[in-house]
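Here the structure is laid out as structure tokens; the discussion comes afterwards.
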4 protein chains.
Amino acid sequence: MTVHTDDPPVSSATGRPLTTRGRQTRRRLLEAAEQVFADLGYHEASIVKITEHAGVALGTFYLYFDGKQAVFDELVLDLNSRVRHSMSEAMSTAADRIEAERLGFEGFFRFTAAHPALYRVVREAEFVSPAMLKLHYERIVDGYRAGLAAAQRDGEIAAELDTDVVAWALMGAGELIGMRYLLWEKDADGRPPAQIDPAVLDGMTAFITRALRPDTTEGKTDD
Amino acid sequence: MTVHTDDPPVSSATGRPLTTRGRQTRRRLLEAAEQVFADLGYHEASIVKITEHAGVALGTFYLYFDGKQAVFDELVLDLNSRVRHSMSEAMSTAADRIEAERLGFEGFFRFTAAHPALYRVVREAEFVSPAMLKLHYERIVDGYRAGLAAAQRDGEIAAELDTDVVAWALMGAGELIGMRYLLWEKDADGRPPAQIDPAVLDGMTAFITRALRPDTTEGKTDD
Amino acid sequence: MTVHTDDPPVSSATGRPLTTRGRQTRRRLLEAAEQVFADLGYHEASIVKITEHAGVALGTFYLYFDGKQAVFDELVLDLNSRVRHSMSEAMSTAADRIEAERLGFEGFFRFTAAHPALYRVVREAEFVSPAMLKLHYERIVDGYRAGLAAAQRDGEIAAELDTDVVAWALMGAGELIGMRYLLWEKDADGRPPAQIDPAVLDGMTAFITRALRPDTTEGKTDD
Amino acid sequence: MTVHTDDPPVSSATGRPLTTRGRQTRRRLLEAAEQVFADLGYHEASIVKITEHAGVALGTFYLYFDGKQAVFDELVLDLNSRVRHSMSEAMSTAADRIEAERLGFEGFFRFTAAHPALYRVVREAEFVSPAMLKLHYERIVDGYRAGLAAAQRDGEIAAELDTDVVAWALMGAGELIGMRYLLWEKDADGRPPAQIDPAVLDGMTAFITRALRPDTTEGKTDD
DNA sequence: AATGAATGAGAGTTCATTCAT
DNA sequence: TATGAATGAACTCTCATTCAT
């Protein structure tokens, strides 16, 4: 599990810079936190469980983090950074915006399937650290909106659409589809699927394509 | 605040039927719980706070509910019942399915604006009582899907759409739009808006209409 | 189950005399208390459980008893009265004191097997109502001691024995034998035996006989 | 007050080994528990009272014990171990089995007088932790029975006696004698006696001696 | 840099008892 | 005579955090 945020705060809770050993301990704690928060949720999780999972003593935790909420917040930022990275990488090969949307969702679902912590931790942030959830959503929406607006200028998507509203709608749709068809879906053995059902992705693509594509009469801009 | 569920459990925690006085006390407790859970969230809420709010003694709570989680669960069911009632009432005057969708969202947003507890309580159920959240979503989706399937048979919406996927996508979209433009929006006085910005509702309607409407070449069924 | 004490307090908690109906309710409550205390012990038992068992409402209990401890105390007295009655009846046909001892124990064990509440309730009195336990033991010992003293005067048992010490010793012995071979013994089906193993009773009789019988050289008094 | 069990569990509630400081705290808690349980009984006792008595914070208790019942159980084991140690030490100088019995009772009474917790705690175990009481009695009886059987082989006590029955009878006798003449006896100042009345011990010895000694006609085995 | 014993506020829950009906 | 809703003190137990080592 690789942990990389936009602005990696590789310093101790007291602000001192860290030695190599310190950085390692810190990373182990953050990874343990991801595991424990994902498995148990914020309130069932405890610092003891995190430190046990990380194989360090209880007190050590407070050398690197200000407290329970602080690790949690950092974890949300970290997951946000990673899921956006996964999505933008998936979209990078798209020929047009609508293909980009499909690839973006594919990347999102792939990340979700591989990191169930994303939902469990990020969505719980709504109740633990509301500002973090807002930040998470807004960062994703920002990317969306920028892409949609550019595509609109290029005539790739319908001019009448409100890119802000559409961006939020798409994110909401993606989130619930992921929850329904990835997190709640169980195969014969009761295990969650490793990837989303292609038929669902197709259904989602059809829905999005219809919503976004320009009207047939709509004049395309040159480019 | 009116409390009405599909199957109102007007009995005590021990299952005995209640006197009039008992029913009143129970309802006051459930209403207090809605208030307190909405204001503070599940974990910050406490039975003491609920009983204080209801103006009864601590022990009284346990005459009517099995515990903290039990009131919470009942509250989720109650809110689910009420929001669905609000939506179906709003949709009842629609001329066609696409208008029904718009009216349904309008009803949903109106309920959300009037009962912030819906989001705060229901979404938190994901972490407190996952089965309740699933139930909540599934009950709403069931209605959606049935309406979409019927409309598809009538040629009111595109035949190619996967009604299940669309139903979940629409619900997710509606949820995040509501969160963004109702719960997070503040007017000049820092108060949340009493109703959703009509422009947003229009944007959403455009999005949905484009996604659902049959292709122009698509043959309509007679009616 | 018949309830009869030396001094049956057939009056309400407030001291008023009782109607026939009142007496019935009171007796049902006392019998329910015996059952519930025996099954659950004093602390696990609750007034609600007793009244439910008796088929009356909670408040009714306080019409007849001063409280939880009060029923308990009355129950101890009642059981004491009944076990002593059972023992003295069993001893009534004895030819001599040593036979009387054997028959007395037999009666005690029979009562114990039929009324497990005796142990459960009476022994718990040590911690709930110490004065009641003392009374229980002393009443039994009084009978013992009187019988032993008379037998000593008649030369049926050894003159050197301290009747007080012997009475307490015999009662203690009987109590632990009953606990070990009746309450803790389970047959093939895991059920407690309906009567004590005759071999055990023989063993006990041998022990007592040896301890009590006069020395062979000891002169018997005429009778 | 020295605390020593057969198998001293010098580990925390979570099973981790303890530092010196931790072991000290644990021992202080166990001693405080002995005091508090003996003074108040199981149900009146509370963790708060135990920790206050021990001079530590409430939470500290749970570092070392799993809960109220757990300390109680450990205390029963501890007392059992100590009283048996006291008895076997007292018996070690006996010339024959009958003298051993007398010395054993003396040791038991001495321990009882010095540690009233023995009765109060161990007998209450019948209702709090029945398995513990059984264990307590059985461990004592095991020693008794072994001694009696050996003595029987040596012809020191009557061959006809059932050693199992006799062992339980003797223990029961000793327990009630101790209760009557130590715990319930008060001197002029209302204080319990520091040691048992020698006359009672003599009475008990006479009783036991008569019961156990071989018949005069019984042939002794050579040794 | 790391340890782990100690803290104590605060939670959910139970139940004997009262009293208006 | 009977009811059962209401009370609230007291309990056990948890866990984020501190700090001496």
Side-chain angles (χ1 to χ4, degrees), chain A residues 12 16 18-19 21-22 24-26 43-51 56-70, chain B residues 12-14 16-26 43-51 56-69, chain C residues 12 16 18-19 21-22 24-26 43-51 56-70, chain D residues 12-14 16-26 43-51 56-69:
Chain A
S12 73
R16 278 204 309 278
L18 294 178
T19 64
R21 186 183 173 201
Q24 271 179 6
T25 305
R26 189 179 206 282
H43 289 94
E44 284 293 301
S46 69
I47 309 297
V48 192
K49 282 166 188 156
I50 291 172
T51 50
V56 302
L58 173 55
T60 304
F61 175 88
Y62 289 90
L63 293 177
Y64 298 102
F65 299 97
D66 281 334
K68 191 181 184 180
Q69 170 127 250
Chain B
S12 73
T14 58
R16 271 202 300 279
L18 293 178
T19 63
T20 307
R21 187 184 176 200
R23 266 200 309 280
Q24 273 175 7
T25 306
R26 189 179 207 282
H43 289 94
E44 284 295 304
S46 72
I47 310 297
V48 190
K49 283 167 188 156
I50 291 173
T51 51
V56 301
L58 175 53
T60 304
F61 175 88
Y62 290 92
L63 291 177
Y64 300 102
F65 301 98
D66 281 335
K68 190 181 184 181
Q69 168 126 251
Chain C
S12 73
R16 277 203 311 276
L18 293 177
T19 64
R21 185 182 172 203
Q24 272 177 6
T25 305
R26 188 179 208 282
H43 289 94
E44 285 293 302
S46 70
I47 309 297
V48 193
K49 282 166 189 157
I50 291 172
T51 51
V56 301
L58 173 54
T60 305
F61 175 88
Y62 289 91
L63 293 177
Y64 298 102
F65 300 97
D66 281 335
K68 189 180 185 181
Q69 170 126 247
Chain D
S12 73
T14 58
R16 271 201 301 278
L18 293 177
T19 63
T20 307
R21 188 185 175 197
R23 265 199 309 280
Q24 273 176 6
T25 305
R26 189 179 207 283
H43 288 94
E44 285 294 305
S46 72
I47 311 296
V48 188
K49 283 167 187 156
I50 292 173
T51 51
V56 300
L58 173 54
T60 304
F61 175 88
Y62 291 92
L63 290 177
Y64 299 103
F65 301 97
D66 280 334
K68 191 180 182 181
Q69 168 125 251

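Just the heavy atoms: all of them, side chains too, but no hydrogens, waters or symmetry mates, feed the values below. In what follows, every chain begins at residue 1, and chains take the letters A, B, ... in the order their sequences are listed.
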- [ ] Report the residue (A:Gly22 or D:Ala57) whose heavy-atom-nearest nucleotide on DNA chain E is the more 5′ of the two.
- [x]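 Result of the comparison: A:Gly22.
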Task: Given DNA chain E, 5'-ward residue of the pair C:His43 and C:Gly59, judged by closest heavy atom - done: C:His43
Calculate the interatomic distance between [X] atom [atom1] and [N] atom [atom2]; express it in whole Å.
X	N	atom1	atom2	value
C:Ile50	E:dA16	CD1	P	8 Å
B:Asp66	E:dT14	CG	C1'	13 Å
D:Tyr62	F:dC11	OH	P	12 Å
C:Phe61	E:dT18	CZ	P	11 Å
D:Lys68	F:dC13	NZ	C1'	13 Å
A:Leu58	E:dT3	CG	C1'	9 Å

- [ ] May I ask which nucleotide in the shown strands pairs with F:dA20, Watson-Crick or G-U wobble, both distances under 3.5 Å?
- [x] E:dT3
Task: Pairing nucleotide - E:dT13, Watson-Crick or G-U, each distance under 3.5 Å - done: F:dA10
Counting heavy atoms from C-beta on, name the nucleotide in [options] closest to the side chain of [X].
X	options	answer
C:Leu63	F:dA6, F:dA2, E:dA5	F:dA2
C:Thr19	F:dT1, F:dT12, F:dG4	F:dT1
C:Tyr64	F:dA2, E:dT7, F:dG4	F:dA2
B:Thr25	E:dA5, E:dG10, F:dA6	F:dA6

Using a cut-off of 4.0 Å on non-hydrogen atoms, how would the nucleic acid contact of [X] be classed: base, sugar-phosphate, or nothing?
X	answer
C:Ala45	sugar-phosphate
D:Ile47	sugar-phosphate
A:Ser46	sugar-phosphate

Open item on the list: Would you say C:Thr60 places a side-chain N or O within less than 4.0 Å of OP1 or OP2 belonging to F:dT1?
Closed with: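 Looking at the OP1 and OP2 atoms of F:dT1, neither is under 4.0 Å from any side-chain N or O of C:Thr60.
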Task: Contact under 4.0 Å: B:Arg21 side-chain N or O vs E:dA20 OP1/OP2 - done: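 The answer is no; no side-chain N or O of B:Arg21 sits under 4.0 Å from OP1 or OP2.
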Task: Given DNA chain F, 5'-ward residue of the pair D:Glu44 and B:Val56, judged by closest heavy atom - done: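 Its nearest nucleotide lies further toward 5', so the answer is B:Val56.
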